[in-house]
Amino acid sequence: FVPALHAAGRLRGVDLVVDAQVRSLELTATGGTPLTMLSRMLTGRGALGPAALARRLDLRVGDALPLSVRARRSSLIVAGIFKPKRFASAWDRVLVVDVALAQELFGRGDRIDRIELVPRRGVSEASLAARARALLPSTVTVEEPATREAASSRMVRALEFNLTALSGVSLFVGAVLVATTL
């Protein structure tokens with residue numbers, strides 16, 4: 001939660017050294033070079049914020065941004081401001097931090113719940129998954145994104161069924177009450 005916005009925001013923890021998507025963000029020159037901004041993030045409580053959010057909250061590089069994460073007050077330092085190339089409105093309330101800082105903020109310690117791998121050109125998803133399975137311990141599950149999408153879809157269908165059943169029960173109870181009244 002970002003108190004200054006009176007609204008929730010998103011915090012995205014990424015591996016700053018390896019993630020090509022972070023390196024491709026168009027960072028503004030006000031924070032120095034991209035390497036300087038990324039080093040600030042790796043060595044402290046730095047975060048990259050979108051230009052729209054920076055304008056809205058009048059933030060500049062080096063400013064503190066108070067947050068409330070899991071009912072705990074915290075503060076991040078604006079290490080850089082970026083301009084998203086695509087889907088700018090989707091980035092309006094997204095702060096990008098190092099994955100270790102995200103884990104610390106959410107109280108997860110050394111536990112990671114998900115790692116997203118993106119294959120390079122010429123590498124198939126199947127071979128990347130096979131390589132990940134070979135490198136990771138047997139307690140770790142390697143799945144394609146479609147698996148998570150299918151599970152979410154099943155959950156939504158189950159919720160729709162439950163709501164339909166409850167509305168049917170409500171109509172039946174209402175009909176019984178009307179019949180009893182008559």
Side-chain angles (χ1 to χ4, degrees), residues 2 8-29 31-54 61 65 67 69-70 76-163:
V2 182
R10 294 189 69 173
L11 192 71
R12 183 169 176 97
V14 296
D15 187 344
L16 298 168
V17 178
V18 194
D19 197 335
Q21 291 176 339
V22 174
R23 290 194 309 264
S24 70
L25 288 176
E26 188 177 316
L27 300 170
T28 61
T33 66
L35 185 60
T36 306
M37 290 183 226
L38 294 177
S39 68
R40 282 186 203 136
M41 293 177 66
L42 288 170
T43 58
R45 298 183 64 80
L48 296 176
L53 181 65
V61 173
L65 177 62
L67 299 175
V69 181
R70 292 198 165 194
L76 297 177
I77 304 299
V78 179
I81 298 170
F82 65 90
K83 294 178 186 172
K85 293 180 181 178
R86 296 177 50 203
F87 308 115
S89 62
W91 287 93
D92 278 353
R93 295 184 186 169
V94 176
L95 295 172
V96 179
V97 298
D98 183 51
V99 69
L101 178 57
Q103 286 178 260
E104 176 189 324
L105 289 170
F106 285 101
R108 300 238 173 151
D110 59 350
R111 184 175 162 256
I112 296 176
D113 64 349
R114 176 175 71 211
I115 298 174
E116 296 178 9
L117 301 174
V118 180
R120 285 185 260 159
R121 286 191 181 113
V123 178
S124 70
E125 287 183 21
S127 64
L128 180 62
R131 171 93 189 212
R133 283 186 191 95
L135 293 172
L136 295 169
S138 61
T139 56
V140 175
T141 305
V142 177
E143 297 176 333
E144 293 180 15
T147 306
R148 189 171 2 130
E149 181 183 334
S152 297
S153 179
R154 282 192 306 273
M155 192 177 344
V156 168
R157 283 196 310 273
L159 179 62
E160 287 174 346
F161 175 78
N162 288 336
L163 290 173

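The figures that follow rest on heavy atoms only: side chains count, while hydrogens, waters and symmetry mates do not. This structure is a prediction, so every number in the text was calculated from the model and none was measured.
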Which atom pair, heavy atoms only, marks the closest approach of [X] to [Y]?
{"X": "Ala79", "Y": "Leu48", "value": "C-CD2, 4.4 Å"}
{"X": "Val69", "Y": "Leu105", "value": "CG1-O, 3.4 Å"}
{"X": "Val97", "Y": "Ala47", "value": "CG1-CB, 3.6 Å"}

Exercise. Crowded around Glu143 CD? As in, over 12 foreign heavy atoms under 6.0 Å?
Worked result: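 For Glu143, atom CD is crowded (more than 12 foreign heavy atoms under 6.0 Å).
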
Exercise. Please walk me through it: do Glu104 and Leu101 pass side-chain contact (heavy atoms from CB on, under 4.5 Å)?
Worked result: CA-CA 5 Å; Glu104 176 189 324; Leu101 178 57; 4.2 Å; yes

Seminar exercise, completed: One should read off an interatomic distance between Thr141 OG1 and Arg133 CZ, to the nearest 0.5 angstrom, of 9.5 Å

For this session: May I ask you to check whether Arg157 and Ser153 show a side-chain donor-acceptor distance below 3.5 Å?
Result: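 Indeed, the side chains of Arg157 and Ser153 share at least one donor-acceptor pair under 3.5 Å.
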
